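Structure record follows, encoded as structure tokens.
When a residue number appears, it is its place in the shown sequence, counting from 1. Just so it is clear, the model here is predicted, and its values are computed rather than measured. Side-chain atoms are counted along with the backbone in the values below, which use heavy atoms only and exclude waters and symmetry mates.
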Amino acid sequence: MLKNMRNTGIMAHIDAGKTTTTERILFYTGKSHKIGEVDDGEAIMDWMEQEQERGITIQSAATTTYWQREFNGKREKFQINIIDTPGHVDFTAEVERSLRVLDGAIAIFDAVRAVEPQTETVWRQAERYKVPVIGYVNKMDRLGADFFSVIENIRTKLNTNPVAVQIPIGREAAFEGVIDLILMKELRWTGGEGEQIETLEISAERAALAAEWREKLIDALSETSDAITELYLNGKEIPAALIRSELRAAVCERRLFPLLTGASRRNMGVQPLIDAIVDYLPAPDEVPPAQAFHLKKEETIPVPCDESGSPLGLVFKIQNDREAGSLCYIRMYSGKFAQGSACFNVGKKKRERINRILRPHSNKFEPMEALCAGDIGVFIGLKLAQTGDTIGMEGLPVALEKMRFPEPVISVSIEPSTLSERDKLKETLDILSREDPTFTTRESEETGQIIISGMGELHLDVLVTRIKNEYKVEANVGNPQVTYRESIESNAEHSGSFSRVIAGKENSAALVLRLEPQERGCGNKYVCAVRPGKAPPEILEAVRRGVEGAFAGGIALGYPCIDILATLCEIQYNELNGTEFAFEACASLTFDEAAKKARPVLLEPIMAVDLNSPKEFVGDVLSLVTQRGGQVQSMESKTGYDEVKALAPMEKMFGFMTSLRSVSQGRASFSMLFSHFEKKG
């Protein structure tokens, strides 16, 4: 039943405890019989060799588990589909594609560090897809943990309305359990692995604090619920079931952000978090219908989550398996697909057959007969599918909204150690680029080298290690290179013509193109300003292709152009010798000439750098940033450390981690995220 299903993601900054918490969820729900620890390399959800060696999540991993919970007065069984996502900024595409298909998410916070840089990134991604979120403040047993400070930090930095539904009993080494503000009981965990929960009355010394935070919870709810406001004003007891149902409504509308707390590593606080997934996050049919674009009607239509509707699903992840080939992770939005049935790739306009359907559990799979609306599964047999493709039926040509991924900003050259391995290397790179939309490959026309591009040094390091260890391709890697862009600084207009005799037939074209610089971040734009009827539609389309091809070809150095407005001002078409080929070539050549007149500039990527440093090293860290051309934007003092935000050119940031560790005795950390392109100094 759809009402008993939850599609949930776990998102946070690196090292906040996402995978540790997920491992406990799987253990307490009976999906696994042993708690896998990240530090031991035994976490079920971190199955890749690279993840186990590095102790970080690299790929999002999906699983399904079941949980018994009393809901609306009855005890029912709930299916929870969970996607554990990476926390490192280099793998932000994994978070992006997971949040695109989820109905709800859990944001995990470190009780010491509160809102960290990647927390803000994933929060913005959740906002973009309007995903309802609940929060979990982890690591309450760590030195410096402060639950109440985290609440204020969330309110300030994420611009949301956090509301505590639990408060901790003690903190740091004295953390003992939590007070449930809905039941007004103390919860303490016993048993070797925290599998038993002891429910006690609130002790006298904590009664006042519990009453104060219960009052804040009711006050926040009364702003969104008339039923609770009425009971509160009349001085009547507010039932726990009503609080939960009204809080659920507020979460689904993204008006409130409930916070729970615990210490997952010490097996404290996880079972109430599983209850909260059921209680507060929406079922697939409770979120607004997905929006799809009807290709024939050229209009956006809603797609209700209904098993009896026409089948429609979205490919949100591709994973290569040596034996099975491409594993296509699908979120079904409508109807159902059965094993062995035919389907239609809407974007590619190709029919394919679904050989097998599987339910994923990390890197293990269980067979399924069919995948129905609202559910997540894996299709085997789709040879053409790519991330973002819509899978449906030929009679209903509708495409679901695609995902948006950031542009790669760092490149290295890679060469096979022997010529005989060149084909094997290219095949491996094709597989990896299908799996990862932020990983691109190209062959340099000047040098013949293969250039691979990604989101950061760690991203490329992981991929190169996979090429060598997983795919057994011996390759040599060159030094990292920055991916620059080109643009213009002034307006320019050029009148261009083209004439060639090919196979005895003359091909000629003439046109006038005007180029204007746009604001940074606006992107490229082509506008046709000639009056209708001046040239056939196919000729105008050829001009558009020529200009857009020239955008990608660069101006002086061959880097892609950005933020340029190109306008077709005039066109001279002769039906005797005017051909599509001639006009496409003419448009490209005219663009090049106009761009050379318009003061072309080289743009370099500027990175937003977030650093955390112990107070005693912060001076050396700031000096290191400024030596590399960085500009410090802000500095915030926190318990035991300082948080520094800066902007720095990517070119100067290679090898920064080694220098940072050197000046801070290995105690400072940093993350980088692409910010914008800026004129190279």
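- When all heavy atoms of Ser264 and Thr20 are compared, the pair lying nearest together is CB-CG2, 4.1 Å.
- Lys364 NZ: 12 or fewer foreign heavy atoms inside a 6.0 Å radius.
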Is there a side chain to side chain donor-acceptor pair (under 3.5 Å) between Glu215 and Tyr232? Walk through the geometry before answering. CA-CA 10 Å; Glu215 188 81 9; Tyr232 179 69; 2.4 Å; yes
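- Residue pairs meeting the side chain to side chain donor-acceptor pair (under 3.5 Å) criterion with at least one member in residues 250-263, sequence neighbours excluded: Glu253-Arg255.
- Partners of Glu120 by side chain to side chain donor-acceptor pair (under 3.5 Å), not counting sequence neighbours: none found.
- In this structure, Ala241 has no side chain to side chain contact (heavy atoms under 4.5 Å, CB included) partners at least two apart in sequence or on a different chain.
- Distance check, rounded to the nearest 0.5 Å: CD1 of Ile10 to CG of Asp84 gives 6.0 Å.
- Using modelled atom types and a 3.5 Å distance limit, the side chains of Ser203 and Glu186 yield a donor-acceptor pair.
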Is there a salt bridge (Lys or Arg N to Asp or Glu O under 4.0 Å) between Asp180 and Lys185 once you walk through the steps? CA-CA 5 Å; Asp180 187 317; Lys185 299 281 185 185; over 6 Å; no
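- Scanning both residues, Arg24 and Asn267, for their nearest heavy atoms gives NE-OD1, 2.9 Å.
- Contacts of Trp189 classified as side chain to side chain donor-acceptor pair (under 3.5 Å), with partners at least two apart in sequence or in another chain: Gln271.
- A side-chain donor-acceptor contact under 3.5 Å links Asn4 to the backbone of Lys77.
- One distance of note links CD1 of Ile218 with CD of Glu223; it measures 12.5 Å at 0.5 Å rounding.
- Panel note: side chain Arg6, backbone Ile80; no donor-acceptor pair is recorded below 3.5 Å.
- Partners of Ser675 by side chain to side chain donor-acceptor pair (under 3.5 Å), not counting sequence neighbours: none found.
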Intermediate values then yes/no, side chain to side chain contact (heavy atoms under 4.5 Å, CB included), Leu231 and Leu242: CA-CA 11 Å; Leu231 289 173; Leu242 178 63; 3.4 Å; yes
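- At a threshold of 4.5 Å between non-hydrogen side-chain atoms, the residues Leu259 and Val163 do not count as touching.
- With a 4.5 Å cut-off on side-chain heavy atoms, Val609 and Met650 do not count as touching.
- Across every non-hydrogen atom of Arg69 and Phe78, the tightest pair is O-CE1, 3.7 Å.
- Side-chain atoms of Val625 and Val644, non-hydrogen and from C-beta on, never get closer than 4.5 Å to each other.
- Scored by the salt bridge (charged side-chain N to carboxylate O under 4.0 Å, His left out) test, Glu195 finds no partners at all (sequence neighbours excluded).
- Checked against the 6.0 Å centroid threshold, Tyr28 and Trp67 do not count as a close aromatic pair.
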Assess the residue pair Val165 and Leu217 against the criterion (side chain to side chain contact (heavy atoms under 4.5 Å, CB included)); give the C-alpha distance rounded to whole Å, side-chain angles, the decisive distance to 0.1 Å, and a yes or no. CA-CA 7 Å; Val165 293; Leu217 169 62; 4.1 Å; yes
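- Remark: Ser623 engages Gln627 in a side chain to side chain contact (heavy atoms under 4.5 Å, CB included) (not counting sequence neighbours).
- In this structure, Lys31 and Thr63 approach most closely via the heavy-atom pair CE-OG1, 4.0 Å.
- At least one side-chain heavy atom of Asn138 sits less than 4.5 Å from a side-chain heavy atom of Thr21.
- Applying the salt bridge (charged side-chain N to carboxylate O under 4.0 Å, His left out) rule to Glu176 yields the partners Arg188; only residues at least two apart in sequence or on another chain are considered.
- Between Lys157 and Glu152 no salt bridge is recorded (no basic side-chain N to carboxylate O distance below 4.0 Å).
- For Arg100, there are no salt bridge (charged side-chain N to carboxylate O under 4.0 Å, His left out) partners, not counting sequence neighbours.
- To the nearest 0.5 Å, the span separating CG on Leu26 from NE2 on His361 amounts to 6.0 Å.
- For the pair Ser149 (side chain) and Asp146 (backbone), a donor-acceptor distance under 3.5 Å is absent.
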Which donor-acceptor pairs under 3.5 Å do side chains of residues 101-114 form with protein atoms, sequence neighbours excluded?
from   : atom 1 : to     : atom 2 : distance (Å)
Asp103 : OD1    : Arg331 : NH1    : 3.1
Asp103 : OD1    : Arg331 : NH2    : 3.4
Asp103 : OD2    : Asn7   : ND2    : 2.9
Asp110 : OD1    : Val112 : N      : 2.8
Asp110 : OD1    : Arg113 : N      : 3.4
Asp110 : OD1    : Arg142 : NH1    : 3.4
Asp110 : OD2    : Arg142 : NH1    : 2.6

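- Using a 4.5 Å heavy-atom cutoff, the side chains of Arg244 and Ile182 are in contact.
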Does the pair Arg466 and Glu435 meet the rule for a salt bridge (Lys or Arg N to Asp or Glu O under 4.0 Å), with working shown? CA-CA 13 Å; Arg466 286 187 67 192; Glu435 284 188 3; 3.2 Å; yes
Can you check side chain to side chain contact (heavy atoms under 4.5 Å, CB included) on Gln319 and Tyr329, steps first, answer last? CA-CA 8 Å; Gln319 187 177 312; Tyr329 285 72; 3.3 Å; yes
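- At a threshold of 4.0 Å, the pair Asp610-Lys645 counts as salt-bridged, since one of the basic side-chain nitrogens sits closer than that to a carboxylate oxygen.
- Proximity of a side-chain donor or acceptor of Glu636 to a complementary backbone N or O of Asp642 within less than 3.5 Å is not detected.
- Put simply, CG on Asp620 and OG on Ser659 are 12.0 Å apart, with the number rounded to the nearest 0.5 Å.
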Please report the C-alpha distance between Leu221 and Leu256 in whole Å, then the side-chain angles of each, then the deciding distance to 0.1 Å, and finally whether the side chain to side chain contact (heavy atoms under 4.5 Å, CB included) criterion is met. CA-CA 8 Å; Leu221 273 172; Leu256 289 179; 3.9 Å; yes
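- Shown here are the side chain to side chain donor-acceptor pair (under 3.5 Å) partners of Asp375, two or more places apart in sequence or in another chain: Gln79, Asn81, Arg359.
- In terms of heavy atoms, Phe175 sits closest to Pro168 at CE1-CB, 3.7 Å.
- Remark: side-chain polar atoms of Lys3 are not paired, donor with acceptor, to backbone N or O of Ala283 under 3.5 angstrom.
- Ala276 approaches Ile134 most closely through the heavy-atom pair CB-CD1, 3.9 Å.
- Taking the charged nitrogens against the carboxylate oxygens, Glu286 and Arg248 do have a contact shorter than 4.0 Å, which makes a salt bridge.
- Using modelled atom types, no side-chain atom of Thr438 and backbone atom of Gly454 make a donor-acceptor pair closer than 3.5 Å.
- Under a cut-off of 6.0 angstrom, the local environment of OH in Tyr129 is crowded, with over 12 non-hydrogen atoms contributed by other residues, nucleotides or ligands.
- With sequence neighbours left out, the salt bridge (charged side-chain N to carboxylate O under 4.0 Å, His left out) criterion links Lys652 to no other residue.
- Under the 3.5 Å distance criterion, the side-chain polar atoms of Thr156 are left unmatched by any main-chain donor or acceptor of Asn153.
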